[in-house]
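In what follows, a single structure is set out as structure tokens and then discussed.
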Number of protein chains: 2
Amino acid sequence: MTTEEQILQTAEKLFLEKGFAMTSTTEIAKEVGCNQALVHYYYRTKENLFLQVFMQKVRLFITAFTEKSGANDDFFERLEKRICAHANMMEQNPNLPFLIMNELILNKKRRCMIRDYIVDNPMVRDIYYEFDKEIKDEIAKGVIKPIDTLDLLLNVLSLNVFIFVSAPIYTDILGRTDKEKQAYIAHRKKLVVQTILNSLKS
Amino acid sequence: MTTEEQILQTAEKLFLEKGFAMTSTTEIAKEVGCNQALVHYYYRTKENLFLQVFMQKVRLFITAFTEKSGANDDFFERLEKRICAHANMMEQNPNLPFLIMNELILNKKRRCMIRDYIVDNPMVRDIYYEFDKEIKDEIAKGVIKPIDTLDLLLNVLSLNVFIFVSAPIYTDILGRTDKEKQAYIAHRKKLVVQTILNSLKS
DNA sequence: GTCTATATAGTGATAGAC
DNA sequence: GTCTATCACTATATAGAC
């Protein structure tokens, strides 16, 4: 791996662990084993380096949520698969939801970047409209209780994100082992699906 | 108001807005209209000052959640009142859930402080056990579907906290006015209650 | 109690040697 | 491409004058 790639990879790790503000380019360089000037040689500014990591992660976050599932499943099976795909993506990147939330709340610039990325992205729009149509169909058929599509998405997002935000807190506060933490996550994943489906069934 | 109180109040405001790392004692002093040395004269360290704000807010956060309601309501009415009390507390302190989450995730020291506060606090324990008993009773009576008490609390917490974490993001990304933001919050509050109750009804 | 001044250390970023 | 050296800045915290 080139030094340039090592820097990006280490930056990703540290930004995910401690956020933008609390990670210094000096620290990144130290962990890579090179000089701090080299970080700026490749990426010029810390902000620049951060954005490369951040936007890639935002893309990952969104595409996982909009993942399509088998067409011959019924609605509840399809929804379950979508919820799980989203949770699995976060399980592989545990601090990702926190990083995104953190930066979006503390930094207006980031919110605007996301807006440009989401609202102007035809792919994202298409997937949303398709999902929206699907929901409206199922409501019309009387399969699920009436709900706004955005509300359903927000419910899933709330519950799923909170699994990974709460996991380290829960683990530390109750003095759990890493294995117990994994069990907590697995349990919560199942329960989120169950809660969402129960709230929809009519 | 004394200068000492002004400093504490300004610190509270800025810490809530921008978190610990991005708020400087210089900035606090400037906003109070005094010298930066004075902040340290009264509170010695920034960490100290932060903890005074933080722990007071954590107490507020927990006590709101454990608020008791009218005894002659049925279970669903009592639960609804509890969920609303918790949401209302956050509505009056919009950035509070974010601050708590943020500091707990980024800082292990803070997690340990909370542990000492929650786990060793008999009042908190009592309220939890009482709620737990109540849930188990209703399950036994067949009023609600079986669920672990901690899971129910986590579901409420997830959905409620996310209202206020998502509100500024939602508002900015979709270019909403402040009035529309209030409507979003009011709408989500209702929906959270509905989602939780629907998921419990058997 | 409030100020000025300052010690000390850390930051992001750049210039220039090799 | 990688380094050393350094600049300009900001931060927390303290010492000491008033």
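Labels below follow one simple rule: chain letters A, B, ... track the order of the sequence lines, proteins then strands, and each chain is numbered from 1.
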- request: Could you walk me through whether Phe15(A) and Phe50(A) pass ring-ring contact (aromatic ring centres under 6.0 Å, His included), step by step?
  value: CA-CA 8 Å; Phe15(A) 283 140; Phe50(A) 179 77; 4.9 Å; yes
query: If every non-hydrogen atom of Leu150(A) is compared with every non-hydrogen atom of Tyr128(A), which pair is closest and at what distance?
result: N-OH, 3.6 Å
query: Can you name the nearest heavy-atom pair linking Ile100(B) to Lys57(B), along with the distance?
result: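 Heavy atoms of Ile100(B) and Lys57(B) come nearest at CD1-O, 4.3 Å.
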message: Quick check on contacts: within residues 8-18 of chain B, what sits under 4.0 Å from DNA chain C by heavy-atom distance?
response: none
How many Å lie between [atom1] on [X] and [atom2] on [N], as a whole number?
X: Leu49(B); N: dA13(D); atom1: CG; atom2: C1'; value: 14 Å
X: Leu38(B); N: dT2(C); atom1: CG; atom2: C1'; value: 6 Å
X: Met22(A); N: dT11(C); atom1: CE; atom2: C1'; value: 13 Å

query: Quick one: what's the B/S/- string for nucleotides 12-17 of chain C, heavy-atom cutoff under 4.0 Å, read 5' to 3'?
result: BBB---
Could you tell me whether the side chain of [Y] reaches within less than 4.5 Å of the side chain of [X], counting heavy atoms only?
X: Leu157(B); Y: Phe61(B); value: yes
X: Phe98(A); Y: Asn102(B); value: yes
X: Lys145(A); Y: Asn198(B); value: yes

- request: Taking atom types as modelled, find out whether Ser166(A) and Tyr184(A) have a side-chain donor-acceptor pair closer than 3.5 angstrom.
  value: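 The answer is yes; a qualifying pair exists.
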message: Just to verify, what does Tyr42(B) make a ring-ring contact (aromatic ring centres under 6.0 Å, His included) with, not counting sequence neighbours?
response: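 Scan of Tyr42(B) (ring-ring contact (aromatic ring centres under 6.0 Å, His included), adjacent residues dropped) gives none.
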